[in-house]
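Written out below as C-alpha cells is the structure these notes cover.
Chain A is the first sequence line, chain B the second, and so forth, proteins listed ahead of strands; every chain is numbered from 1. Everything quoted here is computed from the prediction, not taken from an experiment.
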2 protein chains.
Amino acid sequence: MLGKLYETQVCSAARTLEIVGERWSLLIVRNAMFAGMTRFTEFQRSLGIAPNILTKRLTEFVEAGLFEQRPGPVYALTAKGRELQPIILALTAWGDRWAAPDGPPVTYEHAGCGGEVVVEAACERCGERPPPPGVTAQVAGWARRRQDARPVS
Amino acid sequence: MLGKLYETQVCSAARTLEIVGERWSLLIVRNAMFAGMTRFTEFQRSLGIAPNILTKRLTEFVEAGLFEQRPGPVYALTAKGRELQPIILALTAWGDRWAAPDGPPVTYEHAGCGGEVVVEAACERCGERPPPPGVTAQVAGWARRRQDARPVS
DNA sequence: GATCCCACTTGCGTGATGCAAGTGACCCGG
DNA sequence: CCGGGTCACTTGCATCACGCAAGTGGGATC
C-alpha cells in the first residue's frame, strides 16, 4: 500500500498500483502464485527481502484481500490475488522481449495441454490484436468530470 | 530505475520492474501512451509529480530506451516503450474488477472497430484461456542453475 | 535443559520521494 | 526596450520508505 496514494488519478491502473505498486509487492505475489510459496521464510529467502518489509507487505495484502492468513501461519492467495496473474505475465513478456539477453528464464504453460500461455490485448468485438497505436482510451463522463474537479496543483 | 536492483531474481518480470517499478513510472508511460502527452509540464500537471522526480524518471526512461527526447523538448515513446501497453491494460483490468466501486473510469477501445480491448492470458497451442491455477511456471535449466548459484542470504 | 527453526520486532542508517522556491531560456505584449 | 508569463528543469531541505542486522518469543526436537 503506497504511502501517498494517487488520489488525483481517476484510473483503475492507479488503484491497482496503490495496492501492489510498492517495492517487492508483485514479486511476492509471483512467488505465491507460481512457486507455491506460503510461508514467511520462503518469501524472505527467495527474495532477499528484509523481514520488516515483508511483514508490512504481507499484512497489507491480507488487509487488501489479496492473501488470507491461516494458522501456521500460512499466507494463501485469494481469488482477488490470483487475478493479478495477467499483470505478472505481461511484465514477464515485456522483460522477455526487451530485457532478457539470454532468452526467457521462465515460461508459463497451460497445465495439461503443455502449450505456452501468453498474455495479449485483443478486441472483444472483432478478435483482432491491435498494435499499441490501435488502442485508444475512452474516459467515462463521470470520470472526466471527477478528474476535472480534482486539480492537481 | 530501481536504486537497489532485484539481482538475485532470474526472472523477466523482475527485470521489467527494475525499469518501470518505481513510483509514478507506469503512470507516466500511461499518460504518454493514451493521453498523447509529450511535454514535461503535461506530465507534471496531470500527475502532480514533483519536478525533480519527473526529471529523474524521464531521463532514465530515455536512457533505458522507453522514450526518446527530441527538441522542444518532446518525450516520445519508442516501440520498446509502447510495448508496455499490455501491462497498463492488465493493471487497469484488475483495478476495474477489484478496486472500482463506481465502475471502470477508463475503457480501452479498438480504434476503428470500436470494440473493447481486453488483455487476457491464452494458450498458444489450444487457444483456451486457463484460469490462474491452470498456468504453471517452467524455469529454464540455465535459469535454475543461475538462481541456485545466487544464494540470497 | 540446549539447540534449532520460524515468525516476526526493533533500532538505526541510507536512499527515495515530496515540497517549494529558484533559475534560465524563450515568447509575447505594452 | 522592459515586464510578465510559461516551460523545463535545478536546488535544498524535510519526510518517508527501505535495508541491515540484531534481537525476541514460541514451538519442536534431542
>> Are Y75(B) and F61(B) an aromatic pair, judged by ring center distance below 6.0 Å?
In response: no

>> Need one value for F43(A): base, sugar-phosphate or nothing, where a base atom within 4.0 Å counts as base even if backbone is also close, heavy atoms only.
In response: nothing

>> How about CZ on R39(B), more than 12 heavy atoms from neighbouring residues, nucleotides or ligands closer than 6.0 Å, or not?
In response: yes

>> For Y6(A), does the six-membered ring have the charged nitrogen or CZ of R23(B) within the cation-pi criterion, i.e. under 6.0 angstrom from the centroid and within 45° of the normal?
In response: yes

> Taking atom CD of E128(A) as the centre, does the number of heavy atoms from other residues, nucleotides or ligands within less than 6.0 Å exceed 12?
Replying inline: no

> Quick one: are the ring centres of W24(B) and F43(B) less than 6.0 Å apart?
Replying inline: no

> Separation of L17(A) atom CG from dT17(C) atom P, in whole Å?
Replying inline: 14 Å

>> With a 4.0 Å limit, can you tell me whether Y75(A) has a side-chain N or O closer than that to the phosphate oxygens OP1/OP2 of dC8(C)?
In response: yes

>> When you measure from the side-chain N and O atoms of R39(A) to the phosphate of dC5(C), is any distance below 4.0 Å, counting only OP1 and OP2?
In response: no

>> Please report the distance, rounded to the nearest Å, between CZ in F40(A) and C1' in dG25(D).
In response: 14 Å

> Taking 4.0 angstrom as the limit, do R146(A) and D102(B) come out as a salt bridge?
Replying inline: yes

> Tell me, for nucleotides 11-23 of chain D in 5' to 3' order, what letter each nucleotide earns: B for a base near a protein heavy atom under 4.0 Å, S for only sugar-phosphate near one, - for neither?
Replying inline: BB----SBBB---

> Which whole-number value in Å describes the distance from Q44(B) CD to dA20(C) P?
Replying inline: 13 Å

>> Mind checking if T55(B) touches a base, just sugar-phosphate, or nothing, with heavy atoms under 4.0 Å?
In response: base

> Could you state the CZ-C1' distance from R70(B) to dC7(D), rounded to the nearest angstrom?
Replying inline: 19 Å

> How many Å lie between CD on E42(B) and P on dC9(D), as a whole number?
Replying inline: 13 Å

